[in-house]
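Note sheet for the following structure.
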Amino acid sequence: MGFPTVRMRRLRRNENLRKMVRETSLSPDNLIYPLFVKFGKGVKEEINSMPGNYHLSVDILSKECKEIKNLGIPAVILFGIPEKKDDAGSEAYNPNGIVQRAIKEIKSAISDLIVITDVCIDEYTSHGHCGVVRGNEILNDPTLELLSKMALTHVKAGADMVAPSDMMDGRVGAIRKTLDEKGFTDIPIMSYAAKYASAFYGPFREACDSSPKFGDRKSYQMDNGNSNEALREVALDIEEGADIIMVKPAMAYLDIVRRVKDEFNVPVAAYNVSGEYSMVKAAAEKGWVDGEKIMMEILLNIKRAGADMILTYFAKDAAKILNK
Ligand code: PBG
């Protein structure tokens with residue numbers, strides 16, 4: 001049957017009709033807000049490359065987290081900016097490091113906000129790579145031990161979930177084993193499973209001063225021409241014990257989000273990364289796009305593609321609109 005009996009426009013005639021047949025909905029429940037934590041007191045510095053996002057010191061975190069919770073956002077993910085970096089990234093697994101302190105602060109102030117931590121040493125290494133470096137090589141297996149140590153200090157400080165973002169082979173299994181051995185069998189792992197080597201991370205690297213000092217991340221992050229490979233990465237991480245699978249970046253990788261959702265029966269997260277955020281902000285500032293409408297369109301479409309949750313710098317702004 002077709003036109004004129006069928007008229008697709010009948011159900012688009014007004015907003016109520018459109019609402020009734022809309023297949024996807026977005027809620028603050030679906031959002032995870034990234035926070036950047038820095039040493040100091042009373043620090044709230046706007047990040048140049050990511051307007052509307054801030055470097056925060058530990059003492060103002062609880063106020064910020066209360067606001068996030070009151071907006072109905074269930075979780076934050078923490079990134080740390082250490083005071084000093086070294087070759088081994090030792091601040092990453094210092095029990096008294098910046099993220100470890102931040103977790104304790106948030107957990108003592110608010111009981112029911114999920115605190116996820118990014119587990120990766122690149123913000124802490126002087127060379128800016130996500131693994132142990134020898135010559136020009138990024139070593140896989142020696143890095144696993146550091147990541148496990150890092151994850152353990154986060155969980156001991158009170159983290160509810162850890163999210164390894166380094167793309168070393170075997171890291172999910174290594175972290176799972178360490179956590180289980182120490183009795184943390186109930187702490188979930190959100191794995192950055194299909195993480196591509198992407199220029200969309202530019203503003204984040206500026207924010208964390210974490211660009212690699214030599215070479216690039218192509219020997220560990222995925223090649224952006226690949227899709228089947230993403231499914232292999234995801235399958236391995238699930239087998240190693242990942243509870244939530246992430247695809248990163250989001251917008252230019254929605255086909256991957258969809259394939260992962262169709263192929264595996266696991267919760268899927270998509271990371272709407274810094275470059276995706278800052279492009280919208282910059283264009284809106286110029287008056288070339290409607291920033292709010294584009295934001296909502298992007299987030300809803302990431303969900304439609306198959307993401308159950310979205311890590312996004314838009315989380316607070318979007319939640320404010322969704323709560324209206
Ligand atoms: C690695 C990490 C990165 C991001 C999240 N975790 C940077 C990288 O891989 O270079 C990027 C997030 C973003 O761009 O918003 N610790």
Side-chain angles (χ1 to χ4, degrees), residues 31-37 47-55 76-82 85 89 91-93 97-99 116-133 138 143 146-147 150-151 154 161-168 171-172 175 189-224 233 244 246-253 269-282 295 298-299 302 307 309-316:
L31 305 175
I32 300 170
Y33 189 55
L35 289 172
F36 297 91
V37 199
I47 298 168
N48 181 46
S49 53
M50 302 167 67
N53 284 266
Y54 298 86
H55 284 146
V76 294
I77 181 164
L78 302 181
F79 295 95
I81 294 136
K85 308 193 185 212
E91 278 300 300
Y93 38 90
I98 186 68
V99 164
I116 309 170
T117 57
D118 185 83
V119 175
C120 186
I121 62 174
D122 66 323
E123 290 120 53
Y124 306 88
T125 53
S126 37
H127 46 72
H129 277 290
C130 305
V132 174
V133 165
I138 319 302
T143 305
L146 302 188
L147 294 166
M150 184 179 183
H154 290 172
M161 192 185 302
V162 292
S165 69
D166 52 286
M167 288 299 279
M168 297 300 127
R171 79 273 165 73
V172 172
I175 291 170
I189 299 176
M190 174 194 277
S191 163
Y192 288 68
K195 175 172 178 178
Y196 287 84
S198 168
F200 283 104
Y201 310 147
F204 174 98
R205 290 182 189 168
E206 187 180 322
C208 295
D209 185 26
S210 62
S211 291
K213 300 291 176 288
F214 67 89
D216 52 39
R217 302 211 202 287
K218 291 182 181 169
S219 76
Y220 41 107
Q221 298 179 347
M222 283 182 57
D223 188 289
N224 66 65
E233 283 282 7
I244 299 173
M246 192 199 299
V247 175
K248 176 184 178 191
M251 285 162 62
Y253 298 81
Y271 201 139
N272 176 219
V273 299
S274 58
E276 304 174 74
Y277 172 84
S278 302
M279 287 194 310
V280 173
K281 284 289 181 185
M295 162 178 80
I298 288 170
L299 296 175
I302 294 173
M309 58 198 100
I310 307 169
L311 297 93
T312 179
Y313 305 99
F314 286 124
K316 283 170 69 182

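The chain is numbered in sequence order, starting from 1. Order of listing sets the numbers, starting from 1, for every ligand and every atom in it.
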For ligand 1, the portion of D118 having any non-hydrogen atom under 4.0 Å away: side chain

Cationic tip of K195 above Y271 ring, under 6.0 Å, 45° of axis: no

Measuring from non-hydrogen atoms of Y271 to any atom of ligand 1, is the shortest distance under 4.0 Å? yes

With a 4.0 Å cut-off, would you call D122 and R205 a salt bridge? no

If you compare all heavy atoms of D118 against all heavy atoms of H154, which two are closest, and at what distance to 0.1 Å? O-CE1, 3.6 Å

Mind checking whether Y277 contacts ligand 1 via backbone (N, CA, C, O), side chain (CB onward), both or neither, at a 4.0 Å heavy-atom cut-off? neither

Presence of salt bridge, D223 and K218, under 4.0 angstrom: no

For Y313, take its heavy atoms, then give the atoms of ligand 1 lying under 4.0 Å from any of them. 12 (C), 13 (C), 15 (O)

Name the closest protein heavy atom to atom 9 (O) of ligand 1, giving the residue it belongs to and the distance to 0.1 Å. K195 NZ, 2.7 Å

Taking only non-hydrogen atoms of C120 and a 4.0 Å limit, the atoms of ligand 1 in range are 1 (C), 16 (N)

Angle class for the Y277/F314 ring planes (parallel below 30°, perpendicular above 60°, tilted otherwise)? tilted

Heavy-atom nearest neighbour of atom 16 (N) of ligand 1 within options I77, I121, D122: D122

I'd like the name of whichever of E276, K248, M50, R205 reaches closest to atom 3 (C) of ligand 1 through any heavy atom. K248

Can you list the ligand 1 atoms lying under 4.0 Å from a non-hydrogen atom of S165? 1 (C), 2 (C), 6 (N), 16 (N)

If we set the cut-off at 4.0 Å for heavy atoms, which region of S274 has an atom near ligand 1: side chain, backbone, both, or neither? both

Residue pair I189 / V172: nearest heavy atoms and the distance that separates them: CD1-O, 3.9 Å

Could you report the tightest heavy-atom contact between I121 and A92, atom names first, then the distance? CG2-CB, 4.0 Å

